[in-house]
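Letters A, B, ... are given to chains in the order of the sequence lines, protein chains preceding strands, and every chain is numbered from 1.
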Number of protein chains: 2
Amino acid sequence: MATIQDVARAAGVGVGTVSRVLNGSPLVSDTTRARVQGVIDELGYRPSSLARALSLGRSATVAVIVPHFTRPSAVERLRGLADVIKESDYDLVLFDVETSDQREQRFSMAAQADRAAGLVIVSLSADPDEVGRLAGASVPAVFLDRHVEGLPDVHIDDHAGGRMAAEHLLGLGHRRVAFVGDDDEAGFGFTSSDDRLAGYREALEAAGAPLDPTLVRTGPPSREAAHRLTADLLDRPEPPTAVFAVSDLQAFGVIEAARERGLDVPGDLSVMGFDDIDVSAYLGLTTVRQPLYHSGRLAAEMLLHLLDDAGAEVEGVALPVELVVRKTTGPPR
Amino acid sequence: MATIQDVARAAGVGVGTVSRVLNGSPLVSDTTRARVQGVIDELGYRPSSLARALSLGRSATVAVIVPHFTRPSAVERLRGLADVIKESDYDLVLFDVETSDQREQRFSMAAQADRAAGLVIVSLSADPDEVGRLAGASVPAVFLDRHVEGLPDVHIDDHAGGRMAAEHLLGLGHRRVAFVGDDDEAGFGFTSSDDRLAGYREALEAAGAPLDPTLVRTGPPSREAAHRLTADLLDRPEPPTAVFAVSDLQAFGVIEAARERGLDVPGDLSVMGFDDIDVSAYLGLTTVRQPLYHSGRLAAEMLLHLLDDAGAEVEGVALPVELVVRKTTGPPR
DNA sequence: GTACCGGCTGGAACCAGTTCCAGCCTGGGT
DNA sequence: ACCCAGGCTGGAACTGGTTCCAGCCGGTAC
């Protein structure tokens with residue numbers, strides 16, 4: 001690889017001049033600029049972004065920290081983020097988080113301005129200590145899918161979403177309903193599932209049909225796990241007539257388990273999810289829609305705004321959720 | 001942020017000694033090591049991975065270059081890559097490619113050892129010139145979902161996959177079949193679609209039912225695009241009795257378009273896809289399965305092997321494809 | 001008592017950029 | 001003819017690490 005030194009030598013100029021040409025400084029004469037540019041093209045010289053970042057103390061990348069980035073909902077958010085960031089001068093780099101260790105590591109990396117110019121943290125919460133560090137860091141951060149006091153975020157009202165689900169099922173006449181959600185084994189600080197459960201539970205209680213604690217199951221956020229949890233629920237002496245799953249992905253696991261037992265959906269069991277991912281419309285899943293793609297775009301726009309204007313004050317945004325009734329819920333037998 | 005200088009000063013040692021402590025060199029006495037470590041902990045010092053990479057001339061990241069990374073098949077491959085890489089000492093960073101410009105930029109970046117220690121290039125081809133540069137670069141590269149002469153790769157036999165699809169449809173009695181595939185507008189060098197088409201066409205010709213050129217449609221690799229292309233196909237005076245889509249995602253677009261016209265699948269139209277993504281089993285889609293997740297794992301393992309042992313010779317791997325017959329194909333009316 | 005050896009240490013040089021400062025040269029004003 | 005301003009340029013210093021080289025110090029051998 002050619003370096004800026006090589007270019008300077010070959011062009012018979014100083015490194016400063018080459019740097020000025022690279023960065024479009026006006027303090028270079030047209031003839032010198034042309035000569036240097038010629039040498040750059042000839043040598044196929046590419047400046048090292050690494051050395052540049054070290055020297056400048058900032059890089060041209062936006063880091064996205066996201067747990068389980070292959071979940072459909074995460075992918076959809078990433079699509080929104082990527083669509084906005086690709087229009088900017090920044091590169092997007094994705095940091096996957098699968099373990100609690102990695103979470104710590106990502107967060108500590110976060111404050112290093114030279115690794116990333118800005119940060120989008122997806123689905124992870126931060127404790128007050130971490131919030132303080134992030135707020136004090138020179139790298140702006142935006143939280144996505146999580147409300148954080150004191151830092152910009154894009155989130156939804158999970159509590160209201162859970163309530164909507166309960167009200168829909170109650171409206172159809174269900175009284176014995178279940179919940180399939182996430183546990184937070186890895187300690188990521190996921191709270192969406194719990195918040196939705198709280199809203200769900202409250203609405204049920206308010207309607208005089210309190211949630212049976214034995215009908216609340218949690219596990220990893222995968223179809224397979226939801227399948228297993230549901231199989232267990234359906235084996236109980238008094239099985240539920242409806243299940244609210246905390247994501248569409250999990251709802252599909254629930255439906256699978258029901259079909260495996262020869263149950264008709266929604267005849268024998270109503271099932272609803274959360275998110276409204278791509279395939280849900282296709283499959284006729286009743287769900288609570290949250291604007292996944294849009295939330296990604298919005299978070300990216302907020303971050304770019306912060307990067308553009310370091311002093312900018314950016315407000316957190318709460319996006320609406322919406323009940324989408326399709327074919328997997330109906331009145332109980 | 002504290003630097004290694006700050007640590008050296010605070011501990012009353014030289015920077016060399018701090019560096020040795022950081023890297024576990026045996027050339028440090030236990031007492032000095034303890035004192036330096038104490039200062040490191042006290043100051044909360046974190047070495048700059050950037051400076052480290054610049055100094056060493058190599059970084060601890062694996063770069064994955066992938067176009068349209070939110071496609072289900074790309075996501076599934078990424079899952080395999082991520083699962084392997086997270087077990088190693090390397091970080092995975094994802095470089096999205098959406099435009100031809102970005103493709104160039106990613107490739108030129110590729111050769112810079114200081115940005116990434118190794119490279120996985122997904123679904124993109126390289127011309128001989130690029131192959132030469134990559135082969136000569138100090139950064140090992142593995143191609144995934146593309147066979148490249150002279151560099152390690154993980155690929156499938158797309159031609160055979162296309163043939164399988166044709167043979168399945170012919171076996172059911174179809175004679176007038178269509179193809180919905182990808183164009184390569186962005187100039188990424190996608191060839192899977194064309195290779196599958198070639199295999200499909202050959203098998204049809206061999207059976208005496210040559211492919212009608214007006215029944216071959218290509219567009220972007222999205223459900224929506226496939227939907228539109230199919231609508232057009234079905235509007236023709238002599239519509240096909242079966243459609244082979246080049247991906248499952250596109251097959252769903254085909255099915256949507258058929259349903260929109262009140263056609264029964266597979267009664268009025270047989271539809272098959274390619275990939276066997278997660279939801280395909282669920283939806284009963286007939287398809288040609290390729291091992292997406294496994295291919296990601298394999299590519300990552302090959303790359304880690306190359307990183308471990310610079311001299312290692314790694315052979316390209318061809319993975320098998322397999323016909324999976326489900327409910328969206330049947331005999332024509 | 002001196003030479004030597006080896007463990008440990010400090011610091012300079014280096015990686016590839018950016019930026020600041022000093023200095024050159026030229027042109028215009030007096 | 002001389003001075004000065006201002007455009008352009010070269011190069012040193014700096015970013016935060018690693019590594020090599022020289023040197024210090026203690027102990028052992030002769």
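The shortest side-chain heavy-atom distance between L22(B) and V7(B) does not fall under the 4.5 Å cut-off. Counting heavy atoms from C-beta on, the side chains of V122(A) and F69(A) never come closer than 4.5 Å. In this structure, the side chains of T191(A) and R146(A) come closer than 4.5 Å at one or more pairs of heavy atoms.
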Dump the pairs, protein N or O against N or O of nucleotides 20-24 of chain C, anything under 3.5 Å, distances to one decimal.
from, atom 1, to, atom 2, distance (Å)
dC20(C), N4, R20(A), NH1, 3.1

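We find that CD of Q5(B) is positioned 8 Å from P of dT15(D), with the value rounded to whole Å. A straight line from CG of L22(A) to C1' of dG17(C) spans 9 Å, rounded to a whole angstrom. Rounded to a whole Å, the CZ atom of R46(B) is 12 Å from the P atom of dG17(D).
Evaluation of the side chain to side chain contact (heavy atoms under 4.5 Å, CB included) rule for T70(B) yields V75(A), R79(A) as partners, not counting sequence neighbours. D129(B) pairs by the salt bridge (Lys or Arg N to Asp or Glu O under 4.0 Å) definition with R133(B), not counting sequence neighbours. With sequence neighbours excluded, the residues satisfying side chain to side chain contact (heavy atoms under 4.5 Å, CB included) with V131(A) are A126(A), V148(A), L151(A). Remark: Y90(A) engages no residue in a ring-ring contact (aromatic ring centres under 6.0 Å, His included) (not counting sequence neighbours).
Using a 4.0 Å heavy-atom cutoff across all strands shown, S19(A) reaches at least one base atom of the nucleic acid. Using a 4.0 Å heavy-atom cutoff across all strands shown, L56(A) reaches sugar-phosphate atoms only and no base atom.
A side-chain contact (heavy atoms from CB on, under 4.5 Å) with F143(B) holds for exactly one of L134(B), L119(B), I65(B); it is L134(B).
Of the candidates dT9(C), dC8(D), dC15(C), dC8(D) carries the atom nearest the S29(A) side chain, counting heavy atoms from C-beta on. Picking from dT9(D), dT18(D), dG17(C) the nucleotide with the shortest atom distance to the side chain of V15(B) gives dT18(D). Listed candidates were dT15(D), dG17(D), dT9(C). Nearest to the side chain of V28(B) is dT9(C). In the set dG17(D), dA16(C), dG17(C), dG17(C) carries the atom at the smallest distance from any side-chain atom of R52(A).
OP1 or OP2 of dG17(C) has not a single side-chain nitrogen or oxygen of T3(A) nearer than 4.0 Å. The shortest distance between the side-chain N/O atoms of T17(B) and the OP1/OP2 oxygens of dC8(C) is not below 4.0 Å.
Between the side chain of S48(B) and the base of dG16(D), no donor-acceptor pair of N or O atoms lies under 3.5 Å.
Comparing the axis of the opening five pairs of the helix from dG1(C)-dC30(D) to dT30(C)-dA1(D) with that of the closing five pairs yields an angle of 70°, rounded to 10°.
A salt bridge is absent between D96(A) and K86(B): the closest approach of a Lys/Arg side-chain nitrogen to an acidic carboxylate oxygen does not fall below 4.0 angstrom.
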